[in-house]
Amino acid sequence: MANSEKKVSTELIKFATLLAIIGRTSRQAVYDLMRRDETFPRPVRIPGGQIVWRRSEVMDWIDSLPRAEFIGVDAVSARQLSQGAA
């Protein structure tokens, strides 16, 4: 593939945008996720010292997550079962 044909995504996102995309509410939640999940994208440091993520890597990570399946059980029942309630 020639260089001109490569799809290059250089869009960088800040921490607040990352939090919104992955549905987390704190920086600590992201740091915990990075420790627990080796596949979670690592940030890059841009000139000026700011920490950012590549949007394409974050979206690829989301796409790689397993889909939730509820076989004959709706979400409320599934939560109750996981909490030990009948």
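This structure is a prediction, so every number in the text was calculated from the model and none was measured. Throughout, residue positions are numbered sequentially from 1 according to the sequence presented.
Rounding to the nearest 0.5 angstrom, the gap separating the CZ atom in F40 from the CD atom in E57 is 10.0 Å. Taking CZ of R24 as the reference point, atom CG of D32 lies at 8.5 Å (rounded to 0.5 Å). Separation of atoms CH2 (W53) and CZ (R42) is listed at 10.0 Å; rounding is to 0.5 Å.
Summarising the local packing, CD of Q28 is surrounded by more than 12 heavy atoms from other residues, nucleotides or ligands at distances under 6.0 Å.
Residues V30 and L19 have side chains in contact (heavy-atom distance under 4.5 Å, counting atoms from C-beta outward). Contact annotation: the side chain of M34 approaches that of P43 to within less than 4.5 Å [non-hydrogen atoms, C-beta and beyond]. Looking at heavy atoms from C-beta onward, W61 lies in side-chain contact with I22 at the 4.5 angstrom threshold. Put simply, the side chain of I21 reaches to within 4.5 Å of the side chain of R55, judged on heavy atoms. In this structure, the side chains of I51 and V44 stay at 4.5 Å or more apart for every pair of heavy atoms.
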Before you tell me yes or no, could you show the steps for R54 and L12 under side chain to side chain contact (heavy atoms under 4.5 Å, CB included), namely the whole-Å CA-CA distance, both residues' side-chain angles and the distance that decides it to 0.1 Å? CA-CA 5 Å; R54 291 180 181 96; L12 302 175; 3.8 Å; yes

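Linking ILVMFWY residues whenever their side-chain heavy atoms come closer than 4.5 Å, directly or via other members, places I62 and F15 in the same cluster. Hydrophobic clustering of Ile, Leu, Val, Met, Phe, Trp and Tyr side chains at less than 4.5 Å, counting indirect connections, keeps I46 apart from V58.
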